[in-house]
Structure formats: C-alpha cells, structure tokens
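Residue numbering restarts at 1 for every chain, and letters A, B, ... go by the order of the sequence lines.
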There are 2 protein chains.
Amino acid sequence: MLIGEAAQGSGVSAKLIRYYESTGLLSASHRHSNGYRLYEERHVHELRFIKRARSLGFPIREIRSLLDLWRNKRRASSKVRAIAMRHRSVLEERARSYQGIIDVLDHLIAACKGDDRPDCPILEDLSRPSARSSRRPPRIGGSGPSAKGS
Amino acid sequence: MLIGEAAQGSGVSAKLIRYYESTGLLSASHRHSNGYRLYEERHVHELRFIKRARSLGFPIREIRSLLDLWRNKRRASSKVRAIAMRHRSVLEERARSYQGIIDVLDHLIAACKGDDRPDCPILEDLSRPSARSSRRPPRIGGSGPSAKGS
DNA sequence: GCTACACCTTCCAACCATTGGAACCTCCAG
DNA sequence: CTGGAGGTTCCAATGGTTGGAAGGTGTAGC
C-alpha cells in the first residue's frame with residue numbers, strides 16, 4: 001500500500017510517517033519503481049504501536065527500544081517494564097512540578113482581589129528578589145523541614 | 001552595566017538576555033559606542049521578574065503581558081489575575097493528562113511480571129487496535145477523581 | 001607595541017515532535 | 001491534453017534554551 005493508505009489505516013499522518021523514517025524509527029519495506037514508498041500491514045501495526053506509545057508520552061527514543069522489544073520474540077518483559085517505570089517516574093516528576101506551581105498560583109490568585117485597582121500580590125511575588133517562601137516566617141511555628149507537601 | 005553583570009545580577013544567562021531582546025521581551029536601554037549593550041538596575045529587576053515567571057511556567061507571550069501590566073501603574077489587577085487563572089488552567093490540564101497516563105502505566109506495570117520471559121501486558125496494550133478503555137467497565141468503580149491531596 | 005585573556009558582538013545549529021508550504025513528479029480519468 | 005489527487009524532496013516554524021564559531025574590544029602584564 002502507499003503512504004496515504006498506511007496513514008489512514010494507522011491514524012499517523014503521511015508527513016509524520018516520513019519523519020519517522022528519517023529518524024530511523026520505521027522505514028518502508030520497498031520503494032515502487034516510481035519512488036513511492038510501499039507499506040505492508042505490519043507497518044500499519046507498528047505505526048499504531050508508535051501512535052499509542054506517543055499518546056502515553058513516550059519519547060521517540062524509548063519507542064525505538066519498545067519497538068525493538070516488541071519485534072524480538074526472545075525479549076525479557078523486565079526490559080519493557082523498566083522502560084515503562086522510568087517513563088512513569090519522569091511523568092510523575094513533571095506532574096508534581098506542575099502541581100507545585102498550581103499550588104503557588106492558587107495562593108496568589110486567592111490573594112489578588114482582581115478588581116480595577118493596581119495592587120496585585122501576583123505581580124508582587126513575581127518581582128520579589130528571590131527568597132520565595134517568605135510567606136512562611138522563619139523559625140516561627142517550627143513545623144520542621146519545608147516540603148510543600150504533596 | 002554590561003550584559004555579563006546583568007546576567008550575574010539576575011541569574012539569567014547573557015545568551016538568554018540577548019534572546020529575550022530578539023523577541024522584543026526586554027531590550028537594553030542603550031548601546032555603548034563599541035556596540036556593547038548597557039543595562040540599568042531596572043533591567044535586572046525585570047530579568048528577575050521574567051525568571052520567576054518562567055519558573056512558574058508562564059510562556060514568554062504571557063510574560064510579555066505581565067511585564068506590561070507590571071510597568072503600568074494604572075493596571076487593573078483583574079487583568080493580572082485573569083492571566084494567572086488561564087495559566088493555572090493550562091497547567092491543571094497538563095497535570096491531569098499526565099496523571100491519566102500515570103494511572104494507565106500503573107495498571108500495565110502492575111500486570112507485567114517483569115521477568116525474563118517475553119509475555120508483557122505493556123506491549124500488548126501498545127499493540128492493541130485502539131479501543132482503549134476496555135479494561136474499565138462503564139460506570140463502575142466510581143471512586144472519583146484521584147486527588148493526591150496536596 | 002605585543003600578547004594574553006576576558007568580555008562583548010553576530011550568526012548558525014541543535015534539542016523534540018509535528019505541521020505547513022513550495023516546487024516538482026506521477027498516475028489516472030475525462 | 002488537462003485536471004486533480006496522490007506521491008517526492010527540501011526548508012521553515014513552533015518554544016525556550018544552550019552551544020559553538022568567528023571576530024571585535026578592553027585591559028592587564030611584559
């Protein structure tokens with residue numbers, strides 16, 4: 001089949017299929033005499049695999065490993081699992097980082113009146129020198145090490 | 001002061017300061033006769049502002065608005081608040097999306113034995129056609145949104 | 001004056017995944 | 001023969017940051 005059909009069958013755009021080929025992730029089996037890329041059913045399967053993995057946030061580099069493992073019938077599932085766990089920890093770190101920011105924004109948004117006057121704790125925070133957690137006075141209340149919670 | 005001093009004073013690299021200038025975010029006041037950029041204290045303040053805003057994940061485009069508001073003493077705090085809230089919702093959406101993926105990975109990782117045999121639910125999921133949520137029967141389970149509880 | 005060095009300048013490239021466009025070729029139908 | 005739908009290639013942009021090259025400038029020591 002031609003690239004258009006592979007694209008439609010997999011949900012991956014023709015442009016992206018060519019890009020994947022350029023990165024060595026997935027290459028067409030043959031070229032037709034006119035230069036057109038030719039694909040088989042298994043390419044569509046692999047493209048769907050890639051698409052699903054991308055939708056789970058795996059970077060191309062790791063998808064390459066996952067594809068290799070998928071093709072290798074002698075694989076050890078521990079390797080797949082390790083990749084998934086590493087990726088999970090990356091995502092968790094990012095989610096945690098986002099959540100930390102959201103918590104800060106929540107404080108600032110709650111403190112900002114949001115009227116037509118200029119006073120704004122949000123801008124005040126952004127323009128503060130750099131000792132951030134000043135809203136928590138030092139050595140008072142002594143609840144121990146900071147840690148924004150989580 | 002020269003760009004190096006402004007960089008050291010703000011924590012923003014000289015390279016980045018030049019990039020910010022190229023995008024119109026922050027321009028040096030003058031140029032010395034030899035072509036060197038010249039900065040004042042207020043530039044360092046603005047660079048710190050930018051740095052803090054970036055650390056909260058604001059994109060340059062929004063930082064531009066925030067800087068404009070910060071400079072404008074007749075601003076309405078409602079505008080600042082609106083920007084912060086919009087940004088908050090973007091972050092929340094991303095965090096939620098990550099969390100959704102993490103939940104999926106948790107299921108898959110738990111189901112994968114992770115030994116030296118090839119059987120692997122993770123790869124099976126990735127290679128499955130596309131009807132994803134089959135593992136969750138509709139309207140059962142309803143433990144509500146995860147909520148890691150800050 | 002010469003040399004070494006630290007600092008500045010500009011321009012180009014790379015990261016990551018994806019999309020868009022231009023310029024061009026190819027196959028098929030009308 | 002013309003039109004159109006598909007294919008091909010290469011270049012550019014996204015967003016923020018970093019790296020490097022190639023070269024100008026200022027200041028120190030000799």
Quiz item: Same hydrophobic cluster for M1(B) and I50(B), using side-chain heavy-atom links shorter than 4.5 Å among ILVMFWY?
Solution: yes
Quiz item: Residues in ring pair (Phe, Tyr, Trp, His ring centres under 6.0 Å) with F49(A), at least two apart?
Solution: W70(A)
Practice problem: Would you confirm whether H107(B), through its side chain, and V104(B), through its main-chain N or O, come within 3.5 Å as a donor-acceptor pair? | Solution: no
Practice problem: Decide whether S77(A) and D115(B) meet the rule of one side-chain donor and one side-chain acceptor closer than 3.5 Å. | Solution: yes
Exercise. Go through DNA chain C in 5' to 3' direction and return only the first and the last nucleotide with some atom under 4.0 Å of chain B's heavy atoms.
Key: dC7(C) to dT10(C)
Self-check item: T23(A) backbone acceptor or donor facing R64(A) side chain under 3.5 Å
Solution: yes
Quiz item: If only atom types and distance count, is the side chain of R54(A) paired as donor or acceptor with the main-chain N or O of F58(A) below 3.5 Å?
Solution: yes
Exercise. Starting from C1' on dG15(D), measure out to CZ on R54(B) and report it in whole angstrom.
Key: 8 Å
Quiz item: Hey, mind stepping through D125(B) and R128(B) against salt bridge (charged side-chain N to carboxylate O under 4.0 Å, His left out) and telling me if it holds?
Solution: CA-CA 5 Å; D125(B) 177 288; R128(B) 211 175 300 278; 5.0 Å; no
Quiz item: Backbone N or O of L69(A) within a donor-acceptor pair of the K79(A) side chain at under 3.5 Å?
Solution: no
Exercise. Grab the CD1-P distance between I50(B) and dG15(D) for me, whole Å please.
Key: 17 Å
Quiz item: Does L105(A) offer a backbone N or O that forms a donor-acceptor pair with the side chain of H87(B) under 3.5 Å?
Solution: no
Self-check item: Strand-adjacent residues in residues 58-71 of chain B, judged by heavy atoms under 4.0 Å from DNA chain D
Solution: P59(B), I60(B)
Quiz item: Going by heavy atoms closer than 4.0 Å, what residues in residues 30-41 of chain A are next to DNA chain C?
Solution: N34(A), Y36(A)
Quiz item: Would you say R37(B)'s side chain and I3(B)'s backbone share a donor-acceptor pair under 3.5 angstrom?
Solution: no
Practice problem: May I ask you to list the residues of residues 14-21 of chain A, by number, that have any heavy atom positioned under 4.0 Å from an atom of DNA chain C? | Solution: K15(A), L16(A), Y19(A), Y20(A)
Quiz item: Roughly, in whole Å, what's the span from CG in L26(B) to C1' in dT17(D)?
Solution: 16 Å
Self-check item: Heavy-atom donor-acceptor pair, R94(B) side chain to A95(A) backbone, under 3.5 Å
Solution: no
Quiz item: Base, sugar-phosphate, or nothing for T23(B), non-hydrogen atoms under 4.0 angstrom?
Solution: nothing
Quiz item: Quick one: ring pair (Phe, Tyr, Trp, His ring centres under 6.0 Å) partners of Y19(A), sequence neighbours excluded?
Solution: none
Quiz item: Are the side chain of R81(A) and the backbone of C120(B) linked by a donor-acceptor contact shorter than 3.5 Å?
Solution: no
